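This report refers to the structure that appears directly beneath it.
Since the structure is predicted, the reported quantities are computational estimates derived from the model, not experimental observations.
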Amino acid sequence: MNQAAPIEASKEMPKEATAPVVAQHAATLKALPFSDTRDFDDAARGFLGTVENAKIVSPQGRTVWSLEPYGFLSAEAAPPTVDPSLWRQSRLNMHHGLFEVLPGVYQVRGLDIANMTLIEGERGVIVVDTLTSIEGARAAMELYFQHRGERPVTAVIFTHTHTDHWGGARGVLGDELLAGGTVPIIAPNLFMEHAVSENIIAGPAMLRRAQYQFGPFLAKGVRGQVDCGLGKTMAAGGVALVRPTDLIMTTGDRRTIDGVEFEFQMAPNSEAPAEMHFFIARYKLLNLAENCTHNFHNLLPFRGADVRDALAWSKYLGEALQMWGGKADAMCGQHHWPVWGQERIDTMIRQQRDLYKFAHDQTIRLMNHGLTASEIAETIRLPESLEGAWHGRGYYGHIRHNVKAIYQKYLGWYDANPVNLDRLPPLESGKKYVEYMGGADAILARARADFAKGEFRFVAQALSHLVFAEPDNQAARAMLADTFEQLGYASESATWRNAYLFGAQELRQGMPKTPPRSTMPRETLAALRTEQLWDVLGVRLNGPKAEGKRIVLNWNFTDTGESFILNLENAALTYVAGAQASDADAGFTLPRSVLDEVIARLTTFPEAVSGGRIAVTGNPMRLAELMSLMDEFPRMFEIVEPKRTMVS
């Protein structure tokens, strides 16, 4: 690895909005129905009580969530540095506490980016989604008990696979409840497979990219982070994955849970790869998870994910209307605030259904006319009936990047123009662009003129080439930061704003200083199948280091009854379940729980061997040799400038 010196931090501070941005905001105020305040009434309806400033503190004294830094959102009028539509959404997302949706149905909102829904049964309470953190989930349960009285948790339901909906499960289910196995944990089919692949296999890269999506390292304020569309930001705190005990397999599946009948609808490959909806006739309650919220959702989040299927998403909402249209008195999701009244509920579902269908069909139509993804994004416009629906605005997803996701799903990254088949990477192309454009001074002079005219998009493209060619050019960094900043101020989408403003901050100050990546908690490791552990190990293998090596290891797990051959060959790590190799270099017999402890760094392999917890045959140093070939992934890596550590 070759590591260059980091850039010296600039003292440059965020600046004011320019005239072109202010003019754009003025046009937005005229174009959208700001006089419609029903969402504010709905967001406050049923309020029972809250935690002051929604502040949650860990047992170690660390603040893991607080809305206190967002006090600036008390102002009704948007400042020049925030899009007025985004300001409206950001203020709506400030409502926090325990709310009654219907008698017997409650939600904790604003103590996390996601909601916890609590449904009262005959003996206790059914918890739908457990928030991101263990600390947040405990605080939510305490708030509910404070206002509704102590009652046992009789079931936990995970609506889908994203961490903010299951990460806090250990704050709802303590060791005793988990060990007893008496509380069903219900999730959609293939929950574990997708929870692991999306949150763990690609986790290191996704977490770094999520910093741009959510802006957790941005200062909270009118020139910084104001929201992320779905809620305020990512929650901190402890996270642990708990394995479901009951899977919903098909639409129409029913479960009677604590005396309450649930009817489920499967919605795979919509907002999450494994997701489901449900209806409770007893309460006339419809829950569409994260597929019908108060914004146009992401079809491909900036953090990365499988591209979501807009056509399927639309069809699931249409199917929900067929199944439950005209039956629900209230509809609540796992983000934002509920909607009441059969007519309003059905109208919102229809509009959301048509929003995803329109985006899908019109993208494909224009694609079949030969337009590329960027050309489609420049061309497509929502119909007036959807453009004016607040819940269809692009606060989290946005039509301009969702159409690119649809294009990618059908045709991939390549637009068929051979010039884009094997483009130079940013560093090499940046140097050539700077040379062709006459050098740094010429680029900066032209960029200043276009910046003054508000042509920020092209200025950013041109200056990015200069920063990659000359990463220590302070004038280039400063001007690109100023340009990103104006693009952020102009963005209605919270995720676009966060990405632009965080890019500006990193150009000025460098990457945030963060502690090393922590290990996966033992509870999460215990929830993974052994095959999934091997998959996680495989993506850490450094191919160039493994060149020419062959290592074969036998594994026997005494507590699960599993056996495996782990095989390194051709610089790839593979495994065979239910088998043992006669020519293995070494063999290990141990409880799978001990392996979890080793990975969680609660013990070491030699300690477990010397303590008699692992039996070894053959040459155990072959395992040490294999582990020496594994990469440790950095918590941070450069995004808006060239990599300063070269990776092979």
Side-chain angles (χ1 to χ4, degrees), residues 93 112-114 129 131-133 160-167 193-218 225-237 239 241 269-275 289-291 293 295-310 313 334-335 373 394-406 408-409 413 484 487-488 491 493-506 511-512 514 517-518 520 524 536 539 633-640 643:
N93 282 335
D112 190 277
I113 188 175
D129 290 352
L131 309 184
T132 307
S133 73
H160 61 290
T161 49
H162 295 147
T163 310
D164 52 325
H165 299 267
W166 53 256
E193 288 79 358
H194 292 298
V196 171
S197 66
E198 193 163 12
N199 297 289
I200 297 176
I201 294 285
M206 281 193 182
L207 286 172
R208 169 64 171 137
R209 291 165 59 110
Q211 294 166 6
Y212 276 74
Q213 180 173 335
F214 296 103
F217 292 111
L218 288 170
Q225 202 264 3
V226 299
D227 205 73
C228 73
L230 280 181
K232 301 319 292 179
T233 187
M234 295 190 297
V239 173
L241 178 61
N269 301 314
S270 54
E271 187 273 335
E275 188 151 351
E290 203 167 321
N291 283 329
T293 53
N295 54 211
F296 193 4
H297 212 293
N298 258 317
L299 296 178
L300 181 56
F302 294 170
R303 65 177 172 83
D306 285 345
V307 177
R308 294 156 184 178
D309 190 335
W313 195 324
Q334 294 309 116
H335 290 273
Y395 304 119
Y396 191 57
H398 194 282
I399 187 66
R400 289 179 60 82
H401 74 249
N402 278 344
V403 298
K404 295 176 183 178
I406 295 167
Q408 178 177 320
K409 179 174 177 58
W413 59 268
F484 279 162
L487 287 165
S491 297
S493 169
T495 55
W496 287 42
R497 177 186 174 90
N498 293 337
Y500 283 130
L501 296 188
F502 193 45
Q505 179 173 298
E506 290 204 343
M511 293 184 294
T514 57
R517 188 180 304 282
S518 58
M520 270 191 287
T524 295
V536 172
V539 299
F633 297 127
R635 187 162 186 174
M636 308 295 285
F637 51 80
E638 294 84 355
I639 291 178
V640 292
K643 302 287 183 292

Side chains of [X] and [Y]: closer than 4.5 Å at any heavy-atom pair?
| X | Y | result |
| --- | --- | --- |
| Tyr395 | Arg497 | no |
| Pro512 | Glu506 | yes |
| Leu299 | Trp313 | yes |
| Val239 | Thr524 | no |
| Leu501 | Gln225 | no |
| Pro301 | Thr495 | no |
| Ile201 | Val536 | yes |
| Glu193 | Thr161 | no |

* **Pairing residues for Asp129 by the salt bridge (charged side-chain N to carboxylate O under 4.0 Å, His left out) criterion, not counting sequence neighbours** =>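 Partners of Asp129 by the salt bridge (charged side-chain N to carboxylate O under 4.0 Å, His left out) criterion come out as none, since no residue qualifies.
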
N/O donor-acceptor pair under 3.5 Å between [X] side chain and [Y] backbone:
| X | Y | value |
| --- | --- | --- |
| Trp166 | Leu241 | no |
| Gln408 | Leu300 | no |
| Arg308 | Glu271 | yes |
| Asn402 | His297 | yes |
| His398 | Arg400 | yes |
| Lys232 | Asp112 | no |
| Asn295 | Gly397 | no |
| Asp164 | Thr132 | no |

What's the shortest heavy-atom distance between [X] and [Y], and which atoms?
| X | Y | value |
| --- | --- | --- |
| Pro216 | Ala210 | CD-O, 4.3 Å |
| Ser133 | Ala236 | CB-O, 3.1 Å |
| Gly304 | Met206 | O-CE, 3.3 Å |
| Phe484 | Gly503 | CD1-C, 3.9 Å |

* Quick one: do the Ser491 and Ser493 side chains pair a donor with an acceptor below 3.5 Å? ->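 Not at all, the side chains of Ser491 and Ser493 share no donor-acceptor pair under 3.5 Å.
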
* Asked: Are Glu290 and His165 linked by a side-chain donor-acceptor pair shorter than 3.5 Å?
  ->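 There is such a pair (donor and acceptor under 3.5 Å, judged by atom type) between the side chains of Glu290 and His165.
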
Distance, nearest 0.5 Å, that separates [atom1] of [X] from [atom2] of [Y]:
| X | Y | atom1 | atom2 | answer |
| --- | --- | --- | --- | --- |
| Asp306 | Asn269 | CG | CG | 7.5 Å |
| Met234 | Gln213 | CE | CD | 8.5 Å |
| Phe214 | Phe302 | CZ | CZ | 10.5 Å |
| Ile113 | Gln334 | CD1 | CD | 13.0 Å |
| Phe637 | Met511 | CZ | CE | 9.5 Å |
| Asn498 | Gln505 | CG | CD | 11.0 Å |

* Evaluate the criterion side chain to side chain contact (heavy atoms under 4.5 Å, CB included) for residue pair His194 and His160; output intermediate values, then yes/no. => CA-CA 9 Å; His194 292 298; His160 61 290; over 6 Å; no

* Test side chain to side chain contact (heavy atoms under 4.5 Å, CB included) applied to Arg208 and Arg635, step by step -> CA-CA 7 Å; Arg208 169 64 171 137; Arg635 187 162 186 174; over 6 Å; no

* To do: Could you check Tyr396 against His335 for side chain to side chain contact (heavy atoms under 4.5 Å, CB included), going step by step and ending with a plain yes or no?
  => CA-CA 12 Å; Tyr396 191 57; His335 290 273; over 6 Å; no

